[in-house]
Structures are given as C-alpha cells and as structure tokens.
Amino acid sequence: VSYDVEHLMTSPLNCNILAYISSSPDYDSKDAPLTMTQIYTYYIGSLIANHFLEKEKRSVNCESLENLPKDIKQQFAILSKLAYDGISRQEYSWFDYKLPDNFQPMGLMNLYENCNGPIRANTVTYCFKAIIQEYLAAFYMHINPCDGSEHQRRYGFSLVL
C-alpha cells in the first residue's frame, strides 16, 4: 500500500471502504482515493447504487454525485438539504410525517419503525449516521455556493477551506 492511501486508513470505516474498493474486479490502483472526500464520495455513491440495485433491481452509476440521474439527483438534493438543516438546528432524527410525501432515504439513513413520536405513536423515524450527515451537509454547501456569510448568519456555519 502506498503512503498516499496508507495515511487514509485511520479508522475501521475507512479501511473497510478502501478494502472494498481494492477488491473490485475493475480496480486499478491509479484510481485509488487519495483524500477523505474521495473516500466518502465513493462510500455514499456505493450506498445509493446498492440501494437501487437491491430495491428496484436497476444499476445506477454513482461515481460522481454531481452527475447522478435526474430522479436520484432530486432525492439526493432533498437529503443533502435535510442533513444541512439538521446540523444547523442540531436535529439528528426525523419523523416520517414531517418529511415530503415522495421521500426516499436511498440507503443513506437508518430507519426505525414503531417509534412513539410527539404527535402520534407507531411512526417511522429516520436517522443519518453522523459521518453521512456531515458529508451531505458539506455537499449541500458545495452545490449551493455563497460567500460563506449566509451560512454563518443563518446557521452558525463557518467555511473551512
């Protein structure tokens, strides 16, 4: 393993993702991710692709999250905004009745059924894993650029570049 990849193996999740990538039949070591962003982009893309393969029996190319098919891109935009707004308000779970009717978590959220919500019992609760929520919030900021003052003013975010 080269140093470029070795320094990314700081957590079990990263090691698992890198092992998964390198075990792919069409893996070429020159395509190995070299940054944390590339690792998590691959991870998120794999979760989405696996979701559609398992649930809808269709293959989806998710190598670039900015070039997803239109129907998936719309749902991904909803999830990214949900993650961004959630972090800004320190919300980490959502009841199904507070989400859009056509909401699809696309394998990016954990689902807990039969939870007792503040308004009604036997509802469904959705939660992101923290690293996914943070990535999606950052992605939302990337696809909705501003000078940073808007994010700072509205939500207390500061851009770190």
Side-chain angles (χ1 to χ4, degrees), residues 1-96 99-100 102-113 124-145 148 151 155 157-161:
V1 175
S2 74
Y3 172 75
D4 291 335
V5 174
E6 186 177 321
H7 80 279
L8 296 174
M9 295 187 183
T10 57
S11 74
L13 177 60
N14 292 359
C15 290
N16 192 20
I17 294 168
L18 289 168
Y20 178 77
I21 292 169
S22 64
S23 67
S24 172
D26 47 336
Y27 171 74
D28 186 347
S29 61
K30 71 178 182 345
D31 297 329
L34 300 176
T35 66
M36 296 299 285
T37 301
Q38 289 173 331
I39 285 178
Y40 289 109
T41 299
Y42 184 88
Y43 177 55
I44 300 291
S46 294
L47 289 173
I48 294 170
N50 288 339
H51 168 78
F52 282 98
L53 192 59
E54 183 180 304
K55 300 289 183 194
E56 297 185 13
K57 308 296 185 233
R58 74 170 168 149
S59 180
V60 176
N61 181 353
C62 296
E63 288 180 23
S64 169
L65 298 177
E66 292 179 357
N67 297 318
L68 294 169
K70 187 177 180 179
D71 61 324
I72 296 172
K73 192 174 198 167
Q74 290 170 337
Q75 288 296 322
F76 191 71
I78 291 169
L79 285 166
S80 297
K81 181 160 181 18
L82 187 68
Y84 176 81
D85 289 344
I87 286 178
S88 68
R89 294 187 208 122
Q90 297 184 351
E91 293 177 352
Y92 304 101
S93 63
W94 293 266
F95 295 110
D96 60 349
L99 297 170
N102 61 346
F103 180 75
Q104 288 185 29
M106 297 192 307
L108 300 179
M109 299 179 88
N110 293 330
L111 175 75
Y112 301 97
E113 296 187 50
V124 176
T125 303
Y126 293 93
C127 302
F128 286 108
K129 286 183 172 47
I131 192 71
I132 292 175
Q133 186 168 2
E134 291 167 2
Y135 179 92
L136 292 178
F139 190 85
Y140 178 82
M141 291 171 72
H142 168 70
I143 60 175
N144 294 286
H151 297 299
Y155 300 113
F157 284 119
S158 58
L159 297 178
V160 180
L161 302 174

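- Across every non-hydrogen atom of Gly45 and Cys62, the tightest pair is O-CB, 3.3 Å.
- For Glu66, the salt bridge (charged side-chain N to carboxylate O under 4.0 Å, His left out) test picks out no residue, with sequence neighbours left out.
- Here the side chains of Tyr126 and Pro105 are in contact, with some heavy-atom distance below 4.5 Å.
- Inter-residue side-chain proximity for Glu91 and Leu82 is flagged as unmet; no heavy-atom pair is nearer than 4.5 Å.
- Looking at every heavy atom in both residues, Tyr140 comes nearest to Ser80 through CB-O, 3.6 Å.
- Residue pairs meeting the ring pair (Phe, Tyr, Trp, His ring centres under 6.0 Å) criterion with at least one partner in residues 47-82, sequence neighbours excluded, are Phe76-Phe139.
- Annotation for Glu63: atom CD does not count as buried by contact number, only 12 or fewer foreign heavy atoms lying within 6.0 Å.
- Between Val60 and Ala49, the shortest heavy-atom contact is O-CB, 3.8 Å.
- The minimum heavy-atom distance between Leu79 and Gln104, with the atom names listed, is CD1-O, 3.8 Å.
- Phe128 and Trp94 have perpendicular rings, their planes meeting at more than 60° on a 0 to 90° scale where under 30° would count as parallel.
- Judged by distance alone, with hydrogens and angles left aside, the side-chain atoms of Asn16 form no donor-acceptor pair with the main-chain N or O of Pro12 at under 3.5 Å.
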Start with the C-alpha distance between Tyr43 and Tyr135, add both sets of side-chain angles, then the distance that settles ring-ring contact (aromatic ring centres under 6.0 Å, His included), and finish with yes or no.
CA-CA 11 Å; Tyr43 177 55; Tyr135 179 92; 9.1 Å; no
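- The nearest pair of heavy atoms linking Glu134 to Ile87 is CA-CD1, 3.7 Å.
- When side chains are defined from C-beta on, Tyr40 does not count as touching Ile132, because their heavy atoms never get closer than 4.5 Å.
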